[in-house]
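Below is one structure, written out as structure tokens, with a few remarks after it.
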Amino acid sequence: MASPSLMDTLFQRSLDDIIKGLRHQQSTESTFISKVIEEIRREIKTTDLQTKSTALQKLTYLNSIHSIDMSWASFHAIECISSPTFAHKKIGYLAISQSFNESTPVILLITNQLRKDLNSGNEFEVSLALDCLSRIGTVDLCRDLTSEVFTLMSTSKVFVRKKAVSVVLRLFEKYPDAVRVCFKRLVESLESSDSQIVSAVVGVFCELASKEPRSYLPLAPEFYRILVDSRNNWVLIKVLKIFANLAPLEPRLAKRVIEPICDHMRKTGAKSMVFECIRTVVTSFTEYESAVKLAAVKIREFLLEDDPNLKYLGLHVLSIMAPKNLWAVLENKDVVIQSLSDEDPNIKLESLCLVMAMVSESNVVEICRVLVNYALKSDPEFCNEILGSILSTCCQNVYEIIIDFDWYVSLLGEMSRIPHCQKGEEIENQLIDIGMRVKDVRPELVRVGRHLLIDPALLGNPFLHRILSAAAWVCGEYVEFSRNPVELMEAVLQPRTGLLPSSIRTVYMQSAFKVLIFCVCSYLVQKEDMTSEVSDLASKRECSESSDLASAKAPVERDQDEGFNPRNSNQSYEDPSVVNGGHGQLSTSALMEEKSFTHESIFKLLNLMELAMCPLLGSYDVEIEERARNALGFIELVKRDILNPSPREANLETEEVSASRIVEWVHDAFSEELGPVSITAQERVLIPDELVLKENLADLEAICGNVELPSSCSFSLKSPYYGESAGISFSNLQDGEGPEPSTEATSLLTEHRKLHELYYLPSEKNETITIANDYPPANYPSSGINTNDDTQDLVTLTNQSLVSKRKPNHAKPRPVVVKLDEGDAAPVTAKKPEVKDDLLSGAIRDILLLGNEAKPASSQSNPTDKSSIKKKGKEKLNVDLSDSKEDLAVREQPNPENPSSRRSKHRGHGKEKSKKSQGKKDGDGSEDGGEKEKQKSRNRNGKHKTRQRADAPLNVVAQTPPIPDFLL
């Protein structure tokens, strides 16, 4: 075996050779890596540790750069760390730190080696072991090595001691019982004269306080001393983070620390320190006006810096300040607006957030108008950020800042036509939600939806499919507000809808069916009214003279011809100047009242619907096929029993009445009011016990596995059921049925075709219609603001509208917005605290409460430090028992199943002071005995007890930390 190892060592490629080889292998890199992995697998099996460590080094590099799996080399890494050579040990620890985790099978084999290296006299080997433990420490490793780390926390070697202090964070996280061993020495390290040790300790407490700050309130005097005395900016930054978490829990703490923070903000020249002071003030000390004003001045200095990093930090902290101090944003509005044109995308996003923070009822229209025009000239990413900000801001608290919903609905339609718009889902949800909540805006909703549906160029944009779905649903649900239902029918049935996904196309089909029901029902109502009117006139003729009869007959016939003129079906109700009969120019409401349908117009509408639905009978999508069959069945019923009654039938009148009742029932079902539904409604519906949703669904693969879905990019009117008969055009159908329309109707139809010729079918006979993919561009809105004047216009806007605090007089009152009783906000589920965090917090409280009548560790550490503290007038850490006793009486509750700590149990039974002091001594003695007992049991079955502790139910009694005297 010696000879192969020698040969492998002589001709083995080093890591430098591998790196150079990868740089030369541009096209065949994977092949080269495969060959290298084969070499590594062969080399790593050798007994020569030099060859093994070099192979492991190469594998570690490939794992970090190319994510090559190295779990198979775990045992070889353990072999390397057992080598007496430091270079081999270093490579092995690097590989273990990079590849080991809690599920690694051989991780328990390194316990003894870690203990050996932690007790080594070589500080570099100790450093390697500590670094490895901080990365891969498991519950078992942390439990078994706690005593070694505790010993290293008091070593005289600063290089090792600061790393041992940092490893404590991992020990506390994985093994909370380590707090009882290491916490006291960790607090003592705060009094160290070495800045590196203090920095490490403060870093540990900064991380701990970010998770559960209340447990560390008794240490506030120590942190205050560091805040006043320390000159290390990085230590001060961490202390500021700690006070930002502690200040909201203790109001008296803010009074003591606000002045030192302001002094640091004024005197320091380090930008990082100034920024941390500003962030601490605006997050936790907002009630101190002088400190907030000073922070605003410093923020202004950041905003005026040329460095984009500092400018971004200024905008970021200003956005934190905005919710409670909007005046600071208004003072810097010129810089914020100009930042929208910055080259840095992060700066633009922060400035956009600040602009939206300034939105109110009085300026929402102006700001949204400017931002939409700004989005037209922005890159796609920032354009969608602008649109998303507008949508999220306007819909807050159920559209609280929206007064004019007609304007907002038209804004949604305008945003849909922006070329880079990708907010289809958000716009869809808001269109439908507004339609259900605000009744007064439904006519405008139908108008906006109609403009979206008649533009076929929008069908080619997949990001707008959801918006088109909402537009179709709105137009079908509120079709009674449409001024031309026939035009809506033509729009939702245009052949280019074949570009839409099946889920969107079904919405189109259902909307077309709703429009057809509305038209047929309106026709039947008009016919019934006409019949009753004729019968009334006939009865009058019998009671009048013949001359009066003759004079009264002519107006009736004229009214009949005017009310059911076939050209009304082709009439554009968008044009109020169209003359109906001889009544002159009509208003919009009059036009809605004058809408009427004739026998011929309804017949054409039915044929139009039938022509579009017939090809869909052979669809493989079950939703499309089902809706098509329902529509065709309804069309057949209406044609047979209402439009084409047979005179031979004796019961003709009965059948027609029956068909009319069916139409009326369906119309009543569609006319049922739909309202918003609570987002928690589904959770209230219980799933039946016998319902198995996933049962037998695997059989569908065998049934539908060979089915080939048709292409969604083409549309043909050929049907397997109707053959070539479905290949006729709309114009042929209209020209071949009913009487010839008048010249005026023909001219109106021609003008309508010129306006919307994109979705009209060709007029050639017997022609199969296909879809072309080269669609013209949509009618996108053009920008109304000059590119060169964007910033100036935005600044002018803010000067005019943002500063104004008086609400403008709106032209019309805000419509009623339906709100749910239980609220429309998403339910916020309380995050369950983790078991380990609770165990850690409980252990720290026990440690601090057990020593609440003793002097702090800082007063026992070093006589020289103690004297210096006294000279500076710093207070000691004492406890106000009278204050903490009331809190404990309120918060602590006895628990018979899981008794609390010895301290809290003793407080529950003894009320006199003598008994309390005696109980404290007993508690300290039992604590020492418990430590000895714990040390013995750890050697026997520590692993078993840890498993039992993890499985035991958590029942931690909340205790209030003692309040230090220096806060009073």
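Only heavy atoms go into these numbers, but all of them, side chains included; no hydrogens, no water, no symmetry mates.
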Between atom CE of M436 and atom CZ of R442, what is the distance when rounded to the nearest 0.5 Å? 9.5 Å
Among I299, V335, N332, L310, whose side-chain contact (heavy atoms from CB on, under 4.5 Å) with L304 holds? V335
Return the minimal non-hydrogen interatomic distance between W407 and V364, and the atom names on each side. CH2-O, 4.0 Å
Write down the atom of V492, the atom of A512, and the distance for their closest heavy-atom approach. CG2-CB, 3.6 Å
State, yes or no, whether a side-chain contact exists between D440 and F405 at a heavy-atom distance under 4.5 Å. no
Find out whether C421 and N461 are in side-chain contact, i.e. whether some heavy atom of one side chain is under 4.5 Å from a heavy atom of the other. no
Could you name each residue pair satisfying side-chain hydrogen bond (donor to acceptor under 3.5 Å, both in side chains) that touches residues 463-476, not counting sequence neighbours? E428-R466
Is it true that a side-chain atom of S482 and a backbone atom of Y478 form a donor plus acceptor pair closer than 3.5 Å? no
Suppose the criterion is salt bridge (Lys or Arg N to Asp or Glu O under 4.0 Å): which pairs have a residue in residues 378-398, not counting sequence neighbours? K348-D379
Does any part of the side chain of L371, heavy atoms only, come nearer than 4.5 Å to the side chain of V355, both counted from C-beta? yes
Roughly how far, to the nearest 0.5 Å, is SG of C383 from NE2 of H420? 6.5 Å
Is any side-chain heavy atom of M265 less than 4.5 Å from a side-chain heavy atom of V281? yes
Distance-only, no hydrogens or angles: does the N384 side chain make a donor-acceptor pair with backbone N or O of Q422 under 3.5 Å? yes
Pairing donors with acceptors under 3.5 angstrom, does anything connect the side chains of Y312 and S351? no
Nearest heavy atoms of L376 and P419, plus distance in Å: CD2-CD, 4.1 Å
Are C519 and V515 side-chain neighbours, meaning at least one heavy-atom pair lies under 4.5 Å? yes
Relative to each other, are the rings of F302 and F275 parallel, tilted or perpendicular (30° and 60° limits)? tilted
Mind checking the SG-CD1 spacing from C394 to I367? Nearest 0.5 Å is all I need. 10.0 Å
N429 side chain vs E425 backbone, donor-acceptor pair below 3.5 Å: yes
Would you say K439 and V816 make side-chain contact, with heavy atoms under 4.5 Å? no
List in chain and number order the residues that pass side-chain hydrogen bond (donor to acceptor under 3.5 Å, both in side chains) with Y508, two or more places apart in sequence or in another chain; answer none if no residue qualifies. none
E276 with R279: basic N within carboxylate O range, under 4.0 Å: yes
Go through the steps to decide whether L452 and L468 satisfy the test side-chain contact (heavy atoms from CB on, under 4.5 Å), and finish with yes or no. CA-CA 7 Å; L452 293 174; L468 296 177; 4.2 Å; yes
With salt bridge (Lys or Arg N to Asp or Glu O under 4.0 Å) as the test, would you mind laying out the steps for E444 and R447 before giving the verdict? CA-CA 5 Å; E444 180 66 17; R447 187 192 69 82; 2.5 Å; yes
Non-neighbouring partners of D342 that pass salt bridge (Lys or Arg N to Asp or Glu O under 4.0 Å), sequence neighbours left out: K311
Chi angles and distances behind the side-chain contact (heavy atoms from CB on, under 4.5 Å) call for V438, Y408: CA-CA 12 Å; V438 189; Y408 186 61; over 6 Å; no
Side chains of T283 and I320 in contact at under 4.5 Å (non-hydrogen atoms): yes
Any sub-3.5 Å donor-acceptor pair from S392's side-chain atoms to G388's backbone N or O? yes
Where do L431 and I467 land on the side-chain contact (heavy atoms from CB on, under 4.5 Å) test, with the steps shown first? CA-CA 8 Å; L431 286 174; I467 302 177; 4.3 Å; yes
Could you measure the distance from the CG atom of L453 to the SG atom of C475? Nearest 0.5 Å is fine. 5.0 Å
Would you check if the side chain of Q494 reaches a backbone N or O of A491 as a donor-acceptor pair within less than 3.5 Å? yes
Counting only N and O atoms by type, is there a donor-acceptor contact under 3.5 Å from the side chain of D455 to the main-chain atoms of H451? no
All heavy atoms of L318 vs all of L303, minimum pair found to be CD2-CD1, 4.2 Å
May I ask you to decide if E623's main-chain N or O and T506's side chain share a donor-acceptor pair within less than 3.5 Å? no
Under the salt bridge (Lys or Arg N to Asp or Glu O under 4.0 Å) rule, collect the residues that match up with K293, sequence neighbours excluded. E289
Please list, chain by chain and in numerical order, all residues satisfying salt bridge (Lys or Arg N to Asp or Glu O under 4.0 Å) with E477, sequence neighbours excluded. K514
Exam field: side chain N325 to backbone T286, donor-acceptor pair closer than 3.5 Å: no
Counting N and O atoms only, with roles assigned by atom type, does the side chain of S284 sit under 3.5 Å from a partner on the main chain of A244, one being a donor and the other an acceptor? yes
Between Y374 (side chain) and L340 (backbone), is there a donor-acceptor pair under 3.5 Å? yes
Nearest heavy atoms of R496 and P456, plus distance in Å: CD-CB, 3.8 Å
Would you please test N346 and H316 for side-chain contact (heavy atoms from CB on, under 4.5 Å) and show each step? CA-CA 10 Å; N346 295 321; H316 176 68; over 6 Å; no
Quick one: closest heavy-atom pair of A322 and L354, and the distance? CB-CD2, 4.4 Å
Out of curiosity, L387 CG to L411 CG, how far, rounded to the nearest 0.5 Å? 9.0 Å
Nearest 0.5 Å, please: how far is CE in M489 from CG in L605? 4.0 Å
